[in-house]
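Accompanying notes for the structure given below.
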Amino acid sequence: MKHMASILIVEPSDIIVQGLRTILDEAKTFNILAPLSDTTNLNERIIASQPDLLIVNPTILPQPARPFLAALTQTRPAMPVVALVYQYVEPSLLTAFQSTIDIRENRSTVITIVNDTLASAIGSDDESNSDADLSDRELDVLVLAAKGYSSKAIADKLHISIHTVNSHRKNITHKTGIKSVAGWAVYAMLHNLL
């Protein structure tokens, strides 16, 4: 199963969000998550949806912005954060972001910036296994667990041993960083697996 990079956009303007979403959808390689209009529930959303990339308007970040960004990267260290700029932003603040998208950029430049940012994040990730794609069997186990099946029921349904199911469960936790079945259910819903 080919992994489509998931992107979370945090921007109060619906017009800008829809324009950016349209451009990124054209590439057909991104999964655009439901956007947020502010940073109120951003940390919880990052934990639940595990985006591969965050695009955020720096002017809506709580002050001081640098510690807020540092806290976000602690939540999901491999996730690059891109500044979405359409008004003046202190140059010193922009250095806290991995990349910048100016809304005046053309379509191909926006897609190139996103692809390059994702590629550099993957290249610099020391723990590449933690963000590896789930195997097809791991996805099967995740979906069944999210639906409430026990390990024994999953083993019976998939015709594998309980030990194998438990190994898959450990791998899912390691790869997604999500430790609860409820979190897996949210992950499955956000990635259209249910």
Side-chain angles (χ1 to χ4, degrees), residues 1-126 128 130-134 176-177 187 189-193:
M1 177 177 213
K2 187 176 185 293
H3 175 73
M4 292 180 63
S6 60
I7 299 175
L8 177 59
I9 301 169
V10 185
E11 165 59 46
S13 168
D14 287 337
I15 291 172
I16 292 173
V17 168
Q18 290 308 318
L20 186 56
R21 181 176 225 152
T22 299
I23 290 169
L24 295 172
D25 280 342
E26 287 177 4
K28 297 187 187 332
T29 56
F30 306 118
N31 174 30
I32 310 304
L33 303 171
L36 291 174
S37 60
D38 60 42
T39 60
T40 305
N41 298 316
L42 181 56
N43 207 25
E44 293 83 6
R45 184 68 181 284
I46 289 171
I47 291 168
S49 63
Q50 300 284 305
D52 297 306
L53 180 78
L54 177 65
I55 300 175
V56 63
N57 179 340
T59 63
I60 65 170
L61 295 177
Q63 296 302 321
R66 279 185 171 278
F68 181 80
L69 286 171
L72 287 180
T73 57
Q74 290 297 320
T75 301
R76 186 142 166 84
M79 176 190 68
V81 183
V82 177
L84 179 61
V85 177
Y86 54 90
Q87 60 195 48
Y88 178 77
V89 176
E90 281 291 326
S92 61
L93 175 58
L94 291 179
T95 62
F97 293 87
Q98 281 76 17
S99 298
T100 302
I101 297 174
D102 188 305
I103 65 163
R104 294 173 289 254
E105 302 285 0
N106 64 41
R107 292 170 184 265
S108 63
T109 303
V110 170
I111 292 170
T112 299
I113 291 168
V114 169
N115 281 327
D116 289 351
T117 304
L118 285 166
S120 67
I122 291 168
S124 66
D125 185 14
D126 294 332
S128 59
S130 68
D131 285 335
D133 293 342
L134 296 175
T176 64
Y187 178 93
M189 285 187 288
L190 290 171
H191 290 86
N192 300 318
L193 299 173

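Remember, predicted model here, so these are calculated numbers, not experimental data. Both backbone and side-chain heavy atoms feed into the values below; hydrogens, waters and symmetry mates do not.
Counting only heavy atoms from C-beta outward, the side chains of D52 and N31 never approach each other to under 4.5 Å. Between T29 and I111 there is no side-chain heavy-atom pair separated by less than 4.5 Å. Counting only heavy atoms from C-beta outward, the side chains of P51 and M79 approach each other to under 4.5 Å. Using a 4.5 Å cut-off on side-chain heavy atoms (C-beta onward), T100 and V89 make no contact. The closest side-chain heavy-atom distance from P12 to I60 is below 4.5 Å.
Atom CD1 of I113 is separated from atom OG1 of T117 by 7.0 Å, given to the nearest 0.5 angstrom. Summarising the geometry, atom CG belonging to L84 is positioned 6.5 Å from atom CD1 belonging to I101; distances are rounded to the nearest 0.5 Å. Separating the CD atom in Q98 from the CG atom in D116 is a distance of 13.5 Å, to the nearest 0.5 Å. To the nearest 0.5 angstrom, L42 atom CG is 10.0 Å from I47 atom CD1. We find the CD-CG distance between E105 and L20 to be 11.5 Å, quoted to the nearest 0.5 Å. For the atom pair I7 CD1 and S49 OG, the distance stands at 12.0 Å (nearest 0.5 Å).
A donor-acceptor pair under 3.5 Å is absent between the side-chain atoms of N41 and the main chain of E44, judged by distance alone. A donor-acceptor pair is defined here as one N or O able to donate and one able to accept, closer than 3.5 Å; no such pair exists between the side chain of R76 and the backbone of I46. R45 places a side-chain N or O within donor-acceptor distance of the main-chain N or O of A34, the cut-off being under 3.5 Å.
Closest heavy-atom contact between V17 and P35: CG1-CG, 3.7 Å. Contact detail for T73 and A70: the closest heavy-atom pair is OG1-O, 2.8 Å. For R21 against L33, the heavy-atom pair with the smallest separation is NH2-O, 3.7 Å. Closest approach of T176 to Q50, counting heavy atoms only: O-OE1, 2.8 Å. Taking both residues in full, the closest heavy atoms of F97 and V82 are given as CD2-C, 3.7 Å, listed atom of the first, atom of the second, then distance.
For CG of D14, the number of neighbouring non-hydrogen atoms (other residues, nucleotides, ligands) closer than 6.0 Å is 12 at most.
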Checklist entry - Taking it one step at a time, do L118 and F30 satisfy side-chain contact (heavy atoms from CB on, under 4.5 Å)? => result CA-CA 11 Å; L118 285 166; F30 306 118; 3.8 Å; yes
Checklist entry - Going through the distances and angles, do L72 and T39 end up as a side-chain contact (heavy atoms from CB on, under 4.5 Å)? => result CA-CA 11 Å; L72 287 180; T39 60; over 6 Å; no
Next on the checklist: side-chain contact (heavy atoms from CB on, under 4.5 Å), that's the test. Do N57 and I16 meet it? Break it down for me.
Outcome noted: CA-CA 10 Å; N57 179 340; I16 292 173; over 6 Å; no
Checklist entry - Step by step, would you call R66 with L69 a side-chain contact (heavy atoms from CB on, under 4.5 Å)? => result CA-CA 5 Å; R66 279 185 171 278; L69 286 171; 5.6 Å; no
